[in-house]
Amino acid sequence: HYSSAAAVCSFLLRLQPYADYHCTLQDGRFDLADRLFHSVGEEWSLASGERGHDTGCVKELVPELFYLSEVLLNVNGFVLGTRQDGTRLGHVQLPPWARGSASKFT
């Protein structure tokens, strides 16, 4: 598959200018919190099929996830909303082996 502007912006939305691009694609605001990238583990579950055999998730990881730790941090303090389960979005949730460190993850 290929990457679309929406998929790229979904991974990079915590940084400018990608936050603005994302909002432009979503009628001037951030998408619903339940659809925003917030957890490496959840993205893995969707892409790997752990949540079902055909999730329809075909997003490619963007290269920035491998060298730019700031894409995982809400350094701009954007109000990204609250998921239906009550989780307030901020920094991306990392796998346990990263021990809460975005730089260790990258």
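Fair warning: this is a prediction, and the values are worked out from it, not measured in the lab.
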Return yes if some donor-acceptor pair links the side-chain N/O of Asn76 with the main-chain N/O of Phe78 below 3.5 Å, else return no.
-> no
To the nearest 0.5 Å, atom CG of Asn74 lies from atom CG of Leu80 at 5.0 Å
Of all heavy-atom pairs linking Val62 and Phe11, the shortest is CG2-CB, 3.8 Å
Tell me, please, which residues at least two apart from Val75 pass side-chain contact (heavy atoms from CB on, under 4.5 Å).
-> Leu15, Leu73
Taking the side chain as every heavy atom from C-beta outward, state whether Leu32 and Arg83 have any atom pair closer than 4.5 Å.
-> no
Should Leu68 and Thr106 count as side-chain neighbours, where that means a heavy-atom distance under 4.5 Å?
-> no
With a 3.5 Å cut-off and sequence neighbours excluded, list the donor-acceptor pairs that the side chains of residues 17-27 form with protein atoms.
{"unit_1": "Asp20", "atom_1": "OD1", "unit_2": "Gln16", "atom_2": "NE2", "d": "3.3"}
{"unit_1": "His22", "atom_1": "NE2", "unit_2": "Asp31", "atom_2": "N", "d": "3.2"}
{"unit_1": "Thr24", "atom_1": "OG1", "unit_2": "Asp20", "atom_2": "O", "d": "2.9"}

Rounded distance [0.5 Å steps], CG in Leu36 versus CZ in Arg14 = 7.0 Å
About how many Å separate CG of Leu89 and CZ of Phe30, when rounded to the nearest 0.5 Å?
-> 10.5 Å
Work out which heavy atom in Ala33 is nearest to a heavy atom in Gly81; give both atom names and the distance.
-> CB-C, 3.8 Å
What distance separates Phe37 CZ from Glu43 CD, expressed to the nearest 0.5 Å?
-> 6.0 Å
Any donor-acceptor N/O pair, Ser45 side chain to Gly41 backbone, under 3.5 Å | yes
Taking a hydrophobic cluster as the set of Ile, Leu, Val, Met, Phe, Trp and Tyr residues connected by side-chain heavy atoms closer than 4.5 Å, whether directly or through intermediates, do Leu13 and Leu94 fall within one such cluster?
-> no
N/O donor-acceptor pair under 3.5 Å between His38 side chain and Val92 backbone | no
Who pairs with Ser101 by side-chain contact (heavy atoms from CB on, under 4.5 Å), at least two apart in sequence or on another chain?
-> Ser103, Lys104
Would you mind reporting whether Val71 and Phe66 have side-chain heavy atoms less than 4.5 Å apart?
-> no
From Phe105 CZ over to Leu72 CG, what is the distance, rounded to the nearest 0.5 angstrom?
-> 6.0 Å
